[in-house]
Amino acid sequence: MSQATLSLSSVMPTLRRRATQPPAVPRLVSDDFASLPVIEIGGAPVHLVDERVARRVIAEATRRPLRKPLAVSSINLDHIHHFAGGADSFRSDGSVRWLNLIDGAPIAHQAQRMTGVAYPRLAGSDIVTSVLGDLAAADLSVGVVGGMPEVAEPLRQRLADGWPELRFAGHWSPSREELSDPEACRRLCDEIRATGVNVLLVCLGKPRQERWISAYGAQTGADALLAFGAVVDFLAGRVSRAPEWVSNAGVEWAYRLMLEPRRLARRYLIQGPPAYLAVRRSHAQPIRALSPA
(Lines give C-alpha, C1' and ligand atoms only; values in the text may rest on other atoms or scores of the structure.)
Protein backbone atom coordinates (compact mmCIF):
# COMPACT_ATOMS: atom_id res chain seq x y z
CA MET A 1 0.00 0.00 0.00
CA SER A 2 1.44 3.38 -0.99
CA GLN A 3 1.84 6.21 1.51
CA ALA A 4 -0.53 8.32 -0.60
CA THR A 5 -3.40 5.84 -0.37
CA LEU A 6 -4.97 4.54 2.83
CA SER A 7 -7.36 1.60 2.69
CA LEU A 8 -10.71 2.77 3.97
CA SER A 9 -11.30 -0.59 5.63
CA SER A 10 -8.01 -0.29 7.53
CA VAL A 11 -8.95 3.03 9.09
CA MET A 12 -12.71 2.55 9.59
CA PRO A 13 -12.44 1.11 13.15
CA THR A 14 -10.48 4.17 14.25
CA LEU A 15 -12.84 6.52 12.43
CA ARG A 16 -15.87 4.97 14.10
CA ARG A 17 -14.29 5.36 17.55
CA ARG A 18 -13.71 9.03 16.78
CA ALA A 19 -16.95 9.58 14.90
CA THR A 20 -17.05 13.29 15.65
CA GLN A 21 -13.33 14.04 15.51
CA PRO A 22 -11.60 14.45 12.11
CA PRO A 23 -8.22 12.70 11.85
CA ALA A 24 -5.27 14.79 12.97
CA VAL A 25 -3.30 16.44 10.18
CA PRO A 26 0.37 17.27 10.82
CA ARG A 27 1.61 20.85 10.72
CA LEU A 28 2.03 21.85 7.11
CA VAL A 29 5.35 22.89 5.70
CA SER A 30 5.82 23.58 2.00
CA ASP A 31 4.83 20.52 -0.06
CA ASP A 32 3.05 18.80 2.86
CA PHE A 33 -0.08 20.43 1.44
CA ALA A 34 -0.21 17.49 -0.94
CA SER A 35 -0.69 15.08 1.99
CA LEU A 36 -4.12 16.41 3.01
CA PRO A 37 -6.69 13.56 2.91
CA VAL A 38 -9.24 13.80 0.09
CA ILE A 39 -12.17 11.80 -1.28
CA GLU A 40 -14.36 12.29 -4.34
CA ILE A 41 -18.02 13.21 -3.91
CA GLY A 42 -20.18 13.49 -6.99
CA GLY A 43 -17.01 13.44 -9.10
CA ALA A 44 -15.42 16.38 -7.25
CA PRO A 45 -12.35 16.12 -4.97
CA VAL A 46 -13.15 17.15 -1.38
CA HIS A 47 -10.56 17.65 1.36
CA LEU A 48 -11.36 16.09 4.74
CA VAL A 49 -10.40 18.94 7.05
CA ASP A 50 -11.91 20.95 9.86
CA GLU A 51 -11.85 24.73 10.26
CA ARG A 52 -8.64 24.66 12.30
CA VAL A 53 -6.76 22.87 9.54
CA ALA A 54 -8.32 24.95 6.75
CA ARG A 55 -7.26 28.18 8.46
CA ARG A 56 -3.80 26.77 9.02
CA VAL A 57 -3.43 25.89 5.34
CA ILE A 58 -4.39 29.46 4.38
CA ALA A 59 -2.04 30.93 6.99
CA GLU A 60 0.83 28.72 5.81
CA ALA A 61 0.28 29.90 2.23
CA THR A 62 0.95 33.49 3.38
CA ARG A 63 3.90 32.64 5.62
CA ARG A 64 5.56 30.08 3.44
CA PRO A 65 4.36 30.55 -0.14
CA LEU A 66 4.10 27.35 -2.16
CA ARG A 67 5.39 26.93 -5.68
CA LYS A 68 1.89 27.91 -6.74
CA PRO A 69 -0.63 30.12 -4.92
CA LEU A 70 -3.31 28.48 -2.83
CA ALA A 71 -6.89 28.56 -4.13
CA VAL A 72 -9.82 27.67 -1.87
CA SER A 73 -13.17 26.49 -3.20
CA SER A 74 -16.40 25.50 -1.44
CA ILE A 75 -17.82 22.20 -2.65
CA ASN A 76 -21.62 22.25 -2.68
CA LEU A 77 -24.38 21.11 -5.02
CA ASP A 78 -23.84 24.15 -7.24
CA HIS A 79 -20.17 23.15 -7.59
CA ILE A 80 -21.15 19.59 -8.49
CA HIS A 81 -23.54 20.91 -11.13
CA HIS A 82 -20.96 23.13 -12.80
CA PHE A 83 -17.75 21.14 -12.48
CA ALA A 84 -18.10 17.45 -11.68
CA GLY A 85 -16.99 15.35 -14.63
CA GLY A 86 -15.95 18.40 -16.62
CA ALA A 87 -12.64 19.63 -17.94
CA ASP A 88 -12.00 21.97 -14.99
CA SER A 89 -9.36 20.63 -12.62
CA PHE A 90 -9.43 21.06 -8.86
CA ARG A 91 -6.54 18.66 -8.34
CA SER A 92 -3.75 21.24 -8.20
CA ASP A 93 -2.32 20.32 -11.59
CA GLY A 94 -2.86 23.81 -13.00
CA SER A 95 -1.45 27.21 -12.10
CA VAL A 96 -2.86 27.13 -8.54
CA ARG A 97 -3.27 24.53 -5.80
CA TRP A 98 -6.83 23.88 -4.68
CA LEU A 99 -8.10 23.35 -1.16
CA ASN A 100 -11.67 22.06 -1.60
CA LEU A 101 -13.85 22.54 1.48
CA ILE A 102 -17.10 20.83 2.44
CA ASP A 103 -19.95 23.30 1.98
CA GLY A 104 -23.60 22.41 2.34
CA ALA A 105 -25.48 19.71 4.21
CA PRO A 106 -25.63 17.18 1.30
CA ILE A 107 -21.84 17.18 0.94
CA ALA A 108 -21.26 16.96 4.69
CA HIS A 109 -23.76 14.10 5.08
CA GLN A 110 -22.25 12.19 2.17
CA ALA A 111 -18.73 12.59 3.55
CA GLN A 112 -19.95 11.11 6.83
CA ARG A 113 -21.66 8.21 5.05
CA MET A 114 -18.45 7.44 3.15
CA THR A 115 -15.96 7.79 6.02
CA GLY A 116 -17.86 7.38 9.28
CA VAL A 117 -16.59 10.79 10.41
CA ALA A 118 -18.75 13.88 10.96
CA TYR A 119 -16.75 16.52 9.13
CA PRO A 120 -17.92 20.12 9.57
CA ARG A 121 -19.39 22.35 6.89
CA LEU A 122 -16.94 25.10 5.95
CA ALA A 123 -18.84 27.58 3.81
CA GLY A 124 -16.87 30.72 2.99
CA SER A 125 -19.41 32.80 4.90
CA ASP A 126 -18.84 30.60 7.96
CA ILE A 127 -15.05 30.88 8.13
CA VAL A 128 -14.30 34.25 6.53
CA THR A 129 -14.46 36.21 9.80
CA SER A 130 -11.94 33.86 11.42
CA VAL A 131 -9.68 34.04 8.37
CA LEU A 132 -9.82 37.85 8.43
CA GLY A 133 -8.91 37.75 12.12
CA ASP A 134 -5.90 35.57 11.32
CA LEU A 135 -4.79 37.99 8.60
CA ALA A 136 -5.20 40.99 10.90
CA ALA A 137 -3.16 39.33 13.65
CA ALA A 138 -0.39 38.63 11.14
CA ASP A 139 -0.42 42.22 9.77
CA LEU A 140 -1.40 41.02 6.30
CA SER A 141 -3.63 42.54 3.64
CA VAL A 142 -6.84 41.44 1.96
CA GLY A 143 -8.47 42.50 -1.28
CA VAL A 144 -11.86 41.72 -2.79
CA VAL A 145 -12.81 41.05 -6.41
CA GLY A 146 -16.53 40.97 -7.10
CA GLY A 147 -19.74 42.50 -5.89
CA MET A 148 -21.42 45.65 -7.11
CA PRO A 149 -19.49 48.96 -7.06
CA GLU A 150 -21.83 50.36 -4.41
CA VAL A 151 -20.68 47.79 -1.82
CA ALA A 152 -17.15 49.22 -1.81
CA GLU A 153 -17.71 51.76 0.96
CA PRO A 154 -19.80 49.59 3.33
CA LEU A 155 -17.28 46.79 2.75
CA ARG A 156 -14.35 49.06 3.64
CA GLN A 157 -16.19 50.30 6.73
CA ARG A 158 -17.07 46.77 7.89
CA LEU A 159 -13.46 45.65 7.59
CA ALA A 160 -12.20 48.77 9.39
CA ASP A 161 -14.70 48.31 12.22
CA GLY A 162 -14.28 44.58 12.62
CA TRP A 163 -10.54 44.23 12.04
CA PRO A 164 -8.76 47.58 12.57
CA GLU A 165 -5.31 46.03 12.13
CA LEU A 166 -6.21 44.45 8.79
CA ARG A 167 -4.81 46.21 5.75
CA PHE A 168 -7.40 46.60 2.98
CA ALA A 169 -5.72 46.39 -0.43
CA GLY A 170 -8.81 47.39 -2.38
CA HIS A 171 -12.10 46.39 -3.96
CA TRP A 172 -12.43 45.65 -7.66
CA SER A 173 -15.79 45.22 -9.37
CA PRO A 174 -15.16 44.08 -12.96
CA SER A 175 -18.10 43.73 -15.33
CA ARG A 176 -18.96 40.45 -17.05
CA GLU A 177 -17.58 41.89 -20.26
CA GLU A 178 -14.25 42.64 -18.58
CA LEU A 179 -14.11 39.17 -17.05
CA SER A 180 -14.59 37.70 -20.54
CA ASP A 181 -11.77 39.81 -21.99
CA PRO A 182 -8.28 38.33 -21.41
CA GLU A 183 -6.57 41.68 -21.89
CA ALA A 184 -8.90 43.37 -19.40
CA CYS A 185 -8.25 40.56 -16.93
CA ARG A 186 -4.50 40.96 -17.32
CA ARG A 187 -4.82 44.68 -16.60
CA LEU A 188 -6.91 43.89 -13.54
CA CYS A 189 -4.28 41.41 -12.33
CA ASP A 190 -1.52 44.00 -12.80
CA GLU A 191 -3.50 46.48 -10.70
CA ILE A 192 -4.08 43.91 -7.97
CA ARG A 193 -0.44 42.80 -8.00
CA ALA A 194 0.72 46.39 -7.57
CA THR A 195 -1.02 46.52 -4.16
CA GLY A 196 1.02 43.61 -2.81
CA VAL A 197 -2.15 41.92 -1.56
CA ASN A 198 -1.66 38.75 0.50
CA VAL A 199 -5.13 37.18 0.30
CA LEU A 200 -7.75 37.88 -2.36
CA LEU A 201 -11.44 37.16 -1.83
CA VAL A 202 -12.83 36.30 -5.27
CA CYS A 203 -16.60 36.74 -5.10
CA LEU A 204 -17.80 36.30 -8.68
CA GLY A 205 -20.15 33.35 -8.16
CA LYS A 206 -19.79 29.83 -9.51
CA PRO A 207 -18.50 28.85 -11.99
CA ARG A 208 -16.96 32.21 -12.92
CA GLN A 209 -14.87 32.71 -9.78
CA GLU A 210 -13.14 29.31 -9.90
CA ARG A 211 -12.42 29.58 -13.61
CA TRP A 212 -11.08 33.11 -13.17
CA ILE A 213 -8.79 31.94 -10.37
CA SER A 214 -7.58 29.01 -12.48
CA ALA A 215 -6.80 31.29 -15.42
CA TYR A 216 -5.53 34.43 -13.68
CA GLY A 217 -4.99 33.77 -9.97
CA ALA A 218 -1.23 33.33 -10.23
CA GLN A 219 -0.95 36.66 -12.08
CA THR A 220 -2.45 38.63 -9.15
CA GLY A 221 0.55 38.00 -6.93
CA ALA A 222 -1.71 36.93 -4.05
CA ASP A 223 -0.53 34.06 -1.84
CA ALA A 224 -4.08 32.74 -1.46
CA LEU A 225 -7.29 33.28 -3.43
CA LEU A 226 -10.56 32.37 -1.74
CA ALA A 227 -13.53 31.65 -4.04
CA PHE A 228 -16.15 32.75 -1.52
CA GLY A 229 -19.13 33.79 -3.65
CA ALA A 230 -21.61 35.92 -1.73
CA VAL A 231 -19.19 36.73 1.09
CA VAL A 232 -18.68 40.26 -0.25
CA ASP A 233 -22.42 40.92 0.13
CA PHE A 234 -22.51 39.39 3.61
CA LEU A 235 -19.57 41.51 4.77
CA ALA A 236 -21.05 44.67 3.25
CA GLY A 237 -24.43 43.99 4.90
CA ARG A 238 -26.21 43.76 1.56
CA VAL A 239 -27.43 40.19 2.17
CA SER A 240 -28.20 38.75 5.61
CA ARG A 241 -26.91 35.41 6.81
CA ALA A 242 -29.38 32.67 7.62
CA PRO A 243 -30.17 32.21 11.33
CA GLU A 244 -27.99 29.60 12.99
CA TRP A 245 -30.90 27.23 13.54
CA VAL A 246 -31.67 27.31 9.80
CA SER A 247 -28.06 26.43 8.93
CA ASN A 248 -27.96 23.68 11.56
CA ALA A 249 -31.13 22.18 10.10
CA GLY A 250 -29.51 22.01 6.66
CA VAL A 251 -32.11 24.23 4.98
CA GLU A 252 -30.11 27.41 4.43
CA TRP A 253 -30.83 26.96 0.72
CA ALA A 254 -34.55 27.51 1.40
CA TYR A 255 -33.81 30.66 3.40
CA ARG A 256 -31.67 32.07 0.60
CA LEU A 257 -34.25 31.07 -2.00
CA MET A 258 -36.88 32.99 -0.05
CA LEU A 259 -34.66 36.11 -0.03
CA GLU A 260 -33.56 35.93 -3.69
CA PRO A 261 -36.08 33.77 -5.58
CA ARG A 262 -35.41 35.18 -9.06
CA ARG A 263 -31.65 34.65 -8.81
CA LEU A 264 -31.62 31.30 -7.01
CA ALA A 265 -34.73 29.42 -8.16
CA ARG A 266 -32.99 27.78 -11.12
CA ARG A 267 -29.94 26.81 -9.03
CA TYR A 268 -31.88 25.17 -6.22
CA LEU A 269 -34.99 23.81 -7.94
CA ILE A 270 -33.71 22.76 -11.39
CA GLN A 271 -29.95 22.28 -11.19
CA GLY A 272 -29.85 21.09 -7.58
CA PRO A 273 -31.77 17.77 -7.72
CA PRO A 274 -29.55 16.09 -10.39
CA ALA A 275 -26.45 17.26 -8.50
CA TYR A 276 -27.88 15.79 -5.30
CA LEU A 277 -28.40 12.43 -7.03
CA ALA A 278 -24.79 12.51 -8.24
CA VAL A 279 -23.65 13.11 -4.66
CA ARG A 280 -25.71 10.23 -3.28
CA ARG A 281 -24.35 7.88 -5.94
CA SER A 282 -20.83 8.40 -4.60
CA HIS A 283 -19.41 5.22 -3.10
CA ALA A 284 -16.96 4.49 -0.31
CA GLN A 285 -13.41 4.69 -1.56
CA PRO A 286 -9.84 4.91 -0.29
CA ILE A 287 -8.91 8.07 1.57
CA ARG A 288 -5.94 9.41 -0.33
CA ALA A 289 -3.70 12.40 -0.76
CA LEU A 290 -3.51 14.55 -3.84
CA SER A 291 -0.41 13.92 -5.90
CA PRO A 292 2.10 16.78 -5.74
CA ALA A 293 1.75 19.15 -8.68
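These numbers come from a predicted model, not from an experiment.
- Heavy atoms only, all atoms of each residue included: A218 and V96 are closest at N-CG1, 4.3 Å.
- Contact check for S130 versus E51: side-chain heavy atoms found under the 4.5 Å cut-off.
- H109 contributes atom NE2, which lies 7.0 Å from atom CD of Q112 (distance to the nearest 0.5 angstrom).
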*For the pair N198 and S141, evaluate side-chain hydrogen bond (donor to acceptor under 3.5 Å, both in side chains) and give the outcome as yes or no after the intermediate values.*
CA-CA 5 Å; N198 299 110; S141 64; 3.1 Å; yes
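- Atom-to-atom distance recorded for T129:OG1 and R158:CZ is 7.5 Å, nearest 0.5 angstrom.
- A distance-only check finds a donor-acceptor pair linking the side chain of H171 to the backbone of G146 [under 3.5 Å].
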*asked:* Evaluate V131 against L226 for side-chain contact (heavy atoms from CB on, under 4.5 Å), listing each step before the verdict.
replied: CA-CA 10 Å; V131 170; L226 315 183; 4.1 Å; yes
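- E177 places none of its side-chain heavy atoms less than 4.5 Å from the side chain of S180.
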*Could you check E40 against S282 for side-chain hydrogen bond (donor to acceptor under 3.5 Å, both in side chains), going step by step and ending with a plain yes or no?*
CA-CA 8 Å; E40 286 201 4; S282 302; over 6 Å; no
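- Side-chain atoms of V117 and L48, non-hydrogen and from C-beta on, never get closer than 4.5 Å to each other.
- Rounding to the nearest 0.5 Å gives a distance of 11.0 Å between NE2 of H79 and CD1 of I41.
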*Would L225 and L70 satisfy side-chain contact (heavy atoms from CB on, under 4.5 Å), going step by step from the backbone distance to the final call?*
CA-CA 6 Å; L225 302 102; L70 176 72; over 6 Å; no
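- Residues M114 and I39 come closest through the heavy atom pair CE-CD1, 4.0 Å.
- Exactly one of V197, L166, T62, L132 qualifies for a side-chain contact (heavy atoms from CB on, under 4.5 Å) with L140. That residue is T62.
- Annotation: side chain of W98 is not in contact with side chain of V72 (no heavy-atom distance under 4.5 Å).
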*Going through the distances and angles, do K206 and E210 end up as a salt bridge (charged side-chain N to carboxylate O under 4.0 Å, His left out)?*
CA-CA 7 Å; K206 291 182 184 292; E210 287 83 3; 2.6 Å; yes
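- Here the closest non-hydrogen pair linking P106 and V279 is O-CG1, 3.9 Å.
- Checking side-chain atoms of S74 against main-chain N and O of D103 turns up no donor-acceptor pair under 3.5 Å.
- For the atom pair CG of D161 and CZ of R156, the computed distance is 8.5 Å after rounding to the nearest 0.5 Å.
- Nearest heavy-atom pair across A224 and A61 is CB-CB, 4.4 Å.
- You'll find the side chain of S125 stays beyond 4.5 Å of the side chain of F228, heavy atoms only.
- Residue H47 holds its NE2 atom at 12.5 Å from CG of L122, rounded to the nearest 0.5 Å.
- Looking at R281 and Y276, their side chains never come closer than 4.5 Å, going by heavy atoms from C-beta outward.
- A salt bridge links D139 to R167: at least one charged side-chain nitrogen sits closer than 4.0 Å to a carboxylate oxygen.
- Between A275 and H81, the closest heavy-atom pair is CB-N, 4.1 Å.
- Within the 4.5 Å cutoff, the side chain of I127 has heavy atoms near those of the L101 side chain.
- Look at R55 and D134 and you find a salt bridge, because one of the NZ, NE, NH1 or NH2 atoms lies within 4.0 Å of a carboxylate O, short of that distance.
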_Test log, rule side-chain contact (heavy atoms from CB on, under 4.5 Å), inputs R193 and T220_ = CA-CA 5 Å; R193 178 183 286 273; T220 66; 5.7 Å; no
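- Listed for the E178 side chain is no donor-acceptor partner under 3.5 Å among the backbone atoms of C185.
- Counting only heavy atoms from C-beta outward, the side chains of T195 and W172 approach each other to under 4.5 Å.
- The backbone N or O of Y216 sits nowhere less than 3.5 Å from a side-chain atom of Q219 that would complete a donor-acceptor pair.
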*Hey, mind stepping through V145 and L204 against side-chain contact (heavy atoms from CB on, under 4.5 Å) and telling me if it holds?*
CA-CA 7 Å; V145 174; L204 302 173; 4.1 Å; yes
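- Put simply, CG on L135 and CD1 on I58 are 8.0 Å apart, with the number rounded to the nearest 0.5 Å.
- Minimum heavy-atom separation, V232 to C203: CG1-CB, 3.6 Å.
- The backbone N or O of E153 lies less than 3.5 Å from no partner atom in the side chain of Q157, so there is not a single donor-acceptor pair.
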